[in-house]
Amino acid sequence: GSGQVPAPALAMVALPSGFVMGSAAGECYIYEKNEEARDHYTLEDQLSVPTDGANILNMVLGSDDNLICVTDDRQIYDTSMHQNQQREQQSSGKYLICPFHGGTPDQSAAITAIAMGQWRRVVATCSADKTVRIWDLQEHRIELSATFADEPHSISMHPTSLFVAVGFLDNIKVLSLHLKELVVAREILVRQCSMVKFSIGGQFIAAACGASISIFETSTGKTVSSLR
């Protein structure tokens with residue numbers, strides 16, 4: 001309409017009789033060739049990918065008329081090309097595999113630490129996007145995720161694979177792996193924590209704090225020793 005700002009063309013993929021244009025805030029536009037006007041295309045449909053406002057940077061067309069979209073918050077979505085037939089479903093888009101470590105385009109999503117489970121085939125990661133995630137290696141999917149106000153710098157998994165210790169700048173959070181969520185079971189106050197590690201048996205937690213190493217009881221959070 002008059003005065004409407006044109007949608008930016010950020011990605012394109014060819015169709016047999018036209019193309020799909022990926023744009024800002026997860027919007028896609030399907031254009032078909034205009035038979036009456038040479039080299040002209042007409043907007044036939046519009047798709048909305050549930051990207052939480054992220055922009056589409058790349059696309060590929062799947063074998064089942066589905067569209068795979070890569071966004072600028074480092075996620076991959078799978079959406080149907082026939083959303084007009086699925087209006088009752090609210091949204092036909094979903095993560096292709098699972099939500100990856102994200103962040104904003106100007107924010108790092110680098111994984112800052114990783115820990116491996118011993119009793120279960122799981123991996124724990126923490127990232128600059130302020131999240132902690134538990135990954136199921138057997139099913140190749142994300143199992144649990146939690147977002148925090150501060151950036152975690154280190155992580156260690158308990159030998160039982162039922163807890164993770166996460167090191168922040170001014171505290172250590174011991175998280176319990178529940179069925180559907182990560183729950184803060186204990187918080188230990190520290191200063192300048194750069195690394196955290198469970199003992200072999202899991203009964204102690206060691207934290208590197210500046211030039212010293214503090215040892216805490218896992219079950220109580222009480223200080224056992226300090227090494228300098």
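- With values rounded to the nearest 0.5 angstrom, Ser156 atom OG is found 8.0 Å from Ile205 atom CD1.
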Full working for ring-ring contact (aromatic ring centres under 6.0 Å, His included) between Phe216 and Phe204: CA-CA 6 Å; Phe216 305 96; Phe204 300 112; over 10 Å; no

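- Under the 3.5 Å distance criterion, the side-chain polar atoms of Asp78 are left unmatched by any main-chain donor or acceptor of Tyr95.
- The side-chain heavy atoms of Asn66 and Thr79, taken from C-beta on, include no pair separated by under 4.5 Å.
- Follow the hydrophobic side-chain contacts under 4.5 Å out from Val166 and you reach Val122 in the same cluster.
- Counting only distance, with no hydrogens or angles, the side chain of Arg141 and the backbone of Asp136 share no donor-acceptor pair below 3.5 Å.
- Here the OG-CZ distance, from Ser161 to Arg120, works out to 6.5 Å after rounding to the nearest 0.5 Å.
- Under the 4.5 Å side-chain criterion, counting only non-hydrogen atoms from C-beta, Val164 is in contact with Ile134.
- Listed for the Thr112 side chain is a donor-acceptor partner under 3.5 Å among the backbone atoms of Cys126.
- Residues Met157 and Gly117 approach most closely at SD-CA, 3.3 Å, considering heavy atoms.
- Residues Ile76 and Ile68 have side chains in contact (heavy-atom distance under 4.5 Å, counting atoms from C-beta outward).
- Smallest separation of non-hydrogen atoms from Tyr77 and Pro50: CE2-O, 3.3 Å.
- Classified by interplanar angle (parallel below 30°, tilted 30° to 60°, perpendicular above 60°), the ring pair His158/Phe198 is perpendicular.
- Looking at heavy atoms from C-beta onward, Ile30 lies in side-chain contact with Met81 at the 4.5 angstrom threshold.
- Put simply, the side chain of His40 never gets that close to the backbone of Asn34: no donor and acceptor are under 3.5 Å apart.
- For the pair Pro159 and Gln118, the minimum side-chain heavy-atom distance is below 4.5 Å.
- The backbone N or O of Cys209 sits nowhere less than 3.5 Å from a side-chain atom of Arg191 that would complete a donor-acceptor pair.
- Closest of all the heavy-atom pairs between Asn55 and Ala24 is OD1-CA, 3.1 Å.
- Remark: side-chain polar atoms of Thr218 are paired, donor with acceptor, to backbone N or O of Gly202 under 3.5 angstrom.
- For the atom pair CG of Asn171 and SG of Cys193, the computed distance is 8.5 Å after rounding to the nearest 0.5 Å.
- Residue Asp45 holds its CG atom at 11.5 Å from OH of Tyr29, rounded to the nearest 0.5 Å.
- No side-chain heavy atom of Gln46 sits less than 4.5 Å from a side-chain heavy atom of Cys28.
- Atom CD1 of Ile200 has 12 or fewer neighbouring heavy atoms from other residues, nucleotides or ligands inside a 6.0 Å radius.
- Note: Leu144 CG to Lys180 NZ = 11.5 Å, rounded to the nearest 0.5 Å.
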Trace of the side-chain contact (heavy atoms from CB on, under 4.5 Å) decision for Leu137 with Val123: CA-CA 7 Å; Leu137 298 182; Val123 165; 3.7 Å; yes

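- In this structure, Ser145 and Ile142 approach most closely via the heavy-atom pair CB-CD1, 4.0 Å.
- Taking the side chain as every heavy atom from C-beta outward, Leu182 and Leu177 approach each other to under 4.5 Å.
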Leu169/Asp150 under side-chain contact (heavy atoms from CB on, under 4.5 Å): CA gap, chis, key distance, verdict: CA-CA 8 Å; Leu169 193 61; Asp150 300 313; over 6 Å; no

CA sep, side-chain torsions, deciding dist, call: Leu67, Leu61, side-chain contact (heavy atoms from CB on, under 4.5 Å): CA-CA 5 Å; Leu67 197 63; Leu61 192 63; 4.1 Å; yes

Evaluation steps, side chain to side chain donor-acceptor pair (under 3.5 Å), between His153 and Ser194: CA-CA 6 Å; His153 296 285; Ser194 58; over 6 Å; no

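- Hydrophobic clustering, with ILVMFWY side chains joined whenever heavy atoms are under 4.5 angstrom apart, keeps Trp135 apart from Ile155.
- Between Lys173 and Phe148, the shortest heavy-atom contact is CD-CE2, 3.8 Å.
- Scanning both residues, Ala54 and Thr71, for their nearest heavy atoms gives CB-CB, 3.9 Å.
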Less than 3.5 Å apart, which donor and acceptor atoms pair up between the side chains of residues 10-23 and the rest of the protein, not counting sequence neighbours?
{"from": "Ser17", "atom 1": "OG", "to": "Glu32", "atom 2": "OE1", "distance (Å)": "2.4"}
{"from": "Ser23", "atom 1": "OG", "to": "Pro8", "atom 2": "O", "distance (Å)": "2.7"}

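- Within the model, atoms CD of Glu151 and OG1 of Thr131 stand 10.0 Å from one another, a figure rounded to the nearest 0.5 Å.
- Distance alone, capped at 3.5 Å, is enough to place a donor-acceptor pair between the Gln75 side chain and the Phe100 backbone.
- Val174 and Ile213 are not part of a single hydrophobic cluster, where members link through side-chain heavy atoms under 4.5 Å apart.
- Between Pro99 and Arg133, the closest side-chain pair of non-hydrogen atoms falls below 4.5 Å.
- A side-chain donor-acceptor contact under 3.5 Å links Ser154 to the backbone of Val196.
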